[in-house]
Amino acid sequence: MIKVIFPDGAESSFEEGATFFDVLKGHDREILKRSVAVRVDGVLRDLRSTLKGDSAVRVDPVTSDSKEGLEILRHSASHVMAQAVRSLYGNVKLAIGPAIEDGFYYDFDTEKPFTPEDLEKIEGRMREIVKADYRFEGEVLSKKDALDLFAGMGEKYKEEIISELTDTTVSVYKQADFTDLCRGPHVPSTGYVKAFKLTGTAGAYWRGSEKNKMLQRVYGTAFPTKEALQVHLDRLEEAKKRDHRKLGKELDLFSTSEEIGSGLVLWHPNGSTVRMLIEEFWKKEHVKGDYSIIYTPHIAQVGLWKTSGHWDFYRENLFSPMDVEGQEYIVKPMNCPFHIQIYKSHLRSYRDLPVRYAELGTVYRYERSGVLHGLLRVRGFTQDDAHIFMTPSQLEGEIKGVLKFTLYILKSFGFNEFDIYLSTRPEKYVGDLENWEKAEAALKGALESSGLGYTIDPGEGVFYGPKIDIKIKDVIGRSWQCSTIQVDFNLPERFDVTYRDENGAESRPIMIHRALMGSLERFFGCLVEHYAGAFPTWFAPVQAVILTVTDRNNEYAGSVYRRLREEGFRVELDKRNEKLGFKIREAQMRKIPYQLVIGDSEEKEGKLAPRKRGGETLDPMPVDEFVELLRGEDKPAS
RNA sequence: GCCGGCGUAGCUCAGGGGCAGAGCAACUGAUUCGUAAUCAGUAGGUCGGGGGUUCAAUUCCCCCCGCCGGCUCCA
């Protein structure tokens with residue numbers, strides 16, 4: 001007999017050879033219903049596998065609503081999909097089919113790419129397979145037997161995977177006549193994959209390398225219940241509604257033009273107003289934060305970037321040089337060399353440090369056409385850039401200061417949840433190891449003494465130094481990479497940046513590169529999606545629109561309009577000969593925070609009747625009172 | 001850059017080898033109206049661009065451009 005200990009502390013005994021089905025059945029039938037696998041002394045196993053060995057084991061059910069369980073479910077769904085594809089299309093080779101963040105995919109090597117109709121066909125066949133409820137049966141083979149098996153099936157990708165495994169045995173799973181290489185575990189049978197949907201196709205390189213063959217990937221998702229699947233699909237719908245590209249058009253915020261070129265953004269008056277307000281706020285806060293605001297040119301001699309190292313590291317992303325009287329110039333891909341030149345325009349003393357230069361610097365990078373995406377990935381964008389030059393002993397304190405400043409700015413725009421990452425030295429790097437270690441330690445120290453939780457992203461640092469990235473969470477839970485704080489020992493070296501230390505000796509300062517919003521384009525796109533276009537009053541392009549009920553009210557409405565304008569508010573006056581309902585609808589669709597209704601009764605009493613964007617109507621109030629109300633909202637969140 | 005899809009009026013979209021369609025927006029007129037669409041009329045197009053097949057191409061084929069979903073990349 002083997003003693004089984006459950007997570008709640010309960011214990012029972014079973015014969016060796018009992019399946020985990022039997023084990024759970026005796027413990028809790030409800031949990032068994034939701035279980036897709038078990039953890040046995042910490043190791044994931046199939047429900048169908050059996051108890052053996054030790055005198056006592058701990059058994060934790062893995063339910064489909066847990067993170068692990070969901071992964072198992074989705075992984076099984078990918079096998080169901082592979083089975084469907086295999087049965088529908090003859091000459092298909094299987095590559096890999098893992099569970100991912102929001103679902104699963106499977107890569108196939110096919111003669112013809114899948115069409116949307118194929119997707120429906122595959123989904124239909126998957127439903128048949130689910131209905132047939134085939135058992136997932138695991139089997140362990142020797143490496144050689146497995147190689148023979150998959151070689152016999154012509155599965156060259158599986159062969160490649162197996163031959164690179166170091167284990168002496170490999171496991172395979174079968175359902176009906178379909179066999180796949182798989183570590184497992186799986187749900188007990190295909191019937192468990194009740195709620196799934198195929199979501200798209202894509203080309204994907206074998207093993208993620210451009211040098212390899214492009215395979216056909218099919219994406220799908222699966223959930224424990226139809227309801228959970230629907231919630232997920234609704235969330236995708238919601239994200240679609242918030243898409244900044246769609247809202248950008250609807251709210252007349254920005255556009256791009258085929259005649260101008262890809263990835264180059266035109267900021268329309270509405271979008272420009274938001275940007276202007278962001279920039280004004282940004283500048284004011286940077287002055288308060290002891291930064292000097294500077295401006296630098298858009299083109300410069302290519303030598304600057306040869307010195308910086310970017311010419312070697314990022315040449316394929318730089319726009320081609322232009323010839324200016326025999327000198328090669330490029331349009332700038334970053335601002336740092338300019339800031340360094342300003343620093344170097346004087347001899348600096350340790351007493352001058354830290355020196356903080358901030359610039360809303362517009363840069364241009366040649367992004368490959370396939371990667372462009374709305375405002376989030378463009379070829380011309382404005383960084384809210386700054387470079388801080390400091391002594392080594394100032395480093396940690398400066399990083400702390402930047403962290404605090406960053407969170408303050410982000411919170412001002414209504415973002416309150418963050419994921420913080422510390423990216424360490426990548427494979428391709430410059431500089432010596434000692435400096436890298438110092439820099440990583442300084443970043444870590446600043447995070448820890450600021451009491452901020454973070455995740456380490458190994459090898460994701462920039463070639464010249466480690467960095468902290470802050471991702472903001474939007475209102476529907478998506479992450480956006482905006483802020484970055486990078487330590488750099490390299491550029492000061494390359495540009496021979498110096499200061500005189502306490503002993504009058506020439507010393508090397510350290511630089512921090514940092515951007516809080518990243519780029520204004522990206523940050524704006526994020527704001528659009530976070531607020532679904534309904535911007536807070538303080539940076540809404542139009543804060544209020546006055547709506548007259550009839551022509552009789554035009555004169556009074558005009559005086560209210562002038563008053564609000566004089567107070568500095570962004571107000572419009574809609575005195576078109578239209579019904580009130582029509583004007584409200586239009587203002588509502590433009591997501592203007594306040595609609596101010598003025599009819600005969602308001603006019604008589606010198607009032608206005610505010611209606612909020614959400615539909616709430618306020619009692620008519622004197623104009624002065626509304627001025628106070630609006631003034632109260634016309635400022636950042638924190 | 002690569003794989004796939006798409007590109008028709010300002011916007012959203014229908015159509016399809018034989019005269020180019022709707023709704024909204026625009027414009028004109030009527031209506032003076034109280035919290036999400038008043039009515040009528042008018043105008044609007046190189047069907048992304050170039051080439052080819054055809055008596056005839058917006059429709060079929062090829063190339064290019066742009067956009068979308070991914071892959072790869074992202075200082």
Side-chain angles (χ1 to χ4, degrees), chain A residues 105 107 110 112-116 118-119 199-219 243 245-246 249-250 252 255-263 305 308-318 333-336 363 365-374 376-378 383 385 426 428 460-465 467 481 484 486 488 490-491 513 515 518-519 522 547-554 575-590 595-602 609-613 615-618 620:
Chain A
Y105 68 78
D107 284 347
T110 62
K112 269 185 298 183
F114 296 115
T115 63
D118 288 327
L119 220 62
T199 50
T201 57
Y205 301 106
W206 166 238
R207 304 209 143 167
S209 167
E210 282 179 288
K211 293 188 190 82
N212 291 337
K213 184 169 184 187
M214 184 162 267
L215 309 174
Q216 296 305 313
R217 177 170 298 178
V218 180
Y219 282 97
D243 192 313
R245 293 164 301 188
K246 179 172 160 345
K249 204 182 274 182
E250 285 173 8
D252 199 17
S255 66
T256 55
S257 151
E258 204 169 323
E259 279 112 295
I260 290 171
S262 291
W305 287 280
S308 74
H310 290 80
W311 182 253
D312 293 328
F313 273 84
Y314 294 105
R315 182 150 8 157
E316 68 282 7
N317 288 310
L318 303 180
M334 5 87 80
N335 307 301
C336 352
V363 298
R365 296 175 184 176
Y366 169 64
E367 302 282 4
R368 299 198 291 176
S369 59
V371 308
L372 299 172
H373 181 94
L376 306 183
R377 194 75 182 271
V378 289
Q383 294 180 309
D385 208 358
K428 263 178 97 179
E460 291 302 309
V462 192
F463 72 87
Y464 52 71
K467 61 172 179 172
Q481 157 78 58
T484 183
Q486 305 170 351
D488 186 354
N490 174 51
L491 284 189
H513 308 245
S519 84
R522 161 174 284 272
L547 311 177
T548 54
V549 177
T550 82
D551 289 352
R552 287 193 299 281
N553 312 121
N554 283 358
K575 51 182 185 184
R576 289 174 304 170
N577 176 16
E578 296 287 353
K579 286 186 166 181
L580 183 61
F582 178 88
K583 296 187 190 183
I584 285 178
R585 174 181 159 80
E586 203 174 273
Q588 188 71 30
M589 292 199 305
R590 291 172 62 197
Q595 297 136 26
L596 310 175
V597 175
I598 288 183
D600 291 338
S601 64
E602 286 78 15
R611 178 188 196 277
K612 287 192 174 185
R613 179 164 52 189
E616 183 192 351
T617 55
L618 306 181

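Residue numbers start from 1 in every chain, and the chains themselves are labelled A, B, ... in the order their sequence lines are given, proteins ahead of strands.
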Problem - A:His373 versus A:Arg245, closest heavy-atom pair with distance - result: CE1-NH1, 3.2 Å
Exercise for the section: May I ask you to say what A:Lys249 touches in the nucleic acid, namely base, sugar-phosphate or nothing, with a heavy-atom cut-off under 4.0 Å? Expected result: sugar-phosphate
Exercise for the section: Ignoring hydrogens and angles, tell me if any N or O in the side chain of A:Glu586 forms a donor-acceptor pair with the backbone of A:Lys583 under 3.5 Å. Expected result: no
Practice task
Report yes if the ring of A:Tyr314 lies under 5.5 Å from the six-membered base ring of B:A75 with planes under 30°, and no otherwise.
Solution key: yes
Practice task
Provide the distance between the two C1' atoms, one in B:A30 and one in B:C67, to the nearest whole Å.
Solution key: 43 Å
Problem - Donor-acceptor pair present, A:Tyr205 side chain and B:G1 base, under 3.5 Å - result: yes
Completion exercise
Of B:G34, B:A75, B:A25, the nucleotide closest to the side chain of A:Glu602 is B:G34
Problem - Base B:U35 paired with A:Arg585 side chain (donor-acceptor, <3.5 Å) - result: no
Handout entry: Sugar-phosphate, base or nothing in reach of A:Thr617, heavy atoms under 4.0 Å
Key = base
Problem - Paired nucleotide for B:C11 [Watson-Crick or G-U wobble; both distances under 3.5 Å] - result: B:G23
Fill in the blank from the handout: Winner on side-chain proximity to A:Tyr366, out of B:A36, B:G1, B:C73, is B:G1
Problem - N or O in side chain of A:Ser262 less than 4.0 angstrom from B:C67 OP1/OP2 - result: yes
Practice task
Starting from C1' on B:U32, measure out to CG on A:Asn553 and report it in whole angstrom.
Solution key: 10 Å
Problem - Whole-angstrom distance between B:C24 and B:U42, as gauged at atom P - result: 15 Å
Fill in the blank from the handout: Assigned chi class of B:C67 under the 90° convention is anti
Exercise for the section: Using a 4.5 Å cut-off on heavy atoms from C-beta on, say whether the side chain of A:Tyr314 contacts that of A:Arg365. Expected result: no
Practice task
Mind calculating the distance between CG (A:Leu372) and P (B:C68) to the nearest angstrom?
Solution key: 8 Å
Handout entry: Side-chain donor/acceptor contact of A:Arg377 with base of B:C73 under 3.5 Å
Key = yes
Problem - Whether A:Arg522 side chain and A:Gln481 backbone form a donor-acceptor pair below 3.5 Å - result: yes
Problem - Polar side-chain atom of A:Asp312 near backbone of A:Gly309 as donor-acceptor pair, under 3.5 Å - result: no
Practice task
Sticking with atom P, work out how far B:A9 lies from B:C13, rounded to a whole angstrom.
Solution key: 12 Å
Completion exercise
In whole angstroms, the gap separating C1' of B:C3 from CG of A:Leu119 amounts to 15 Å
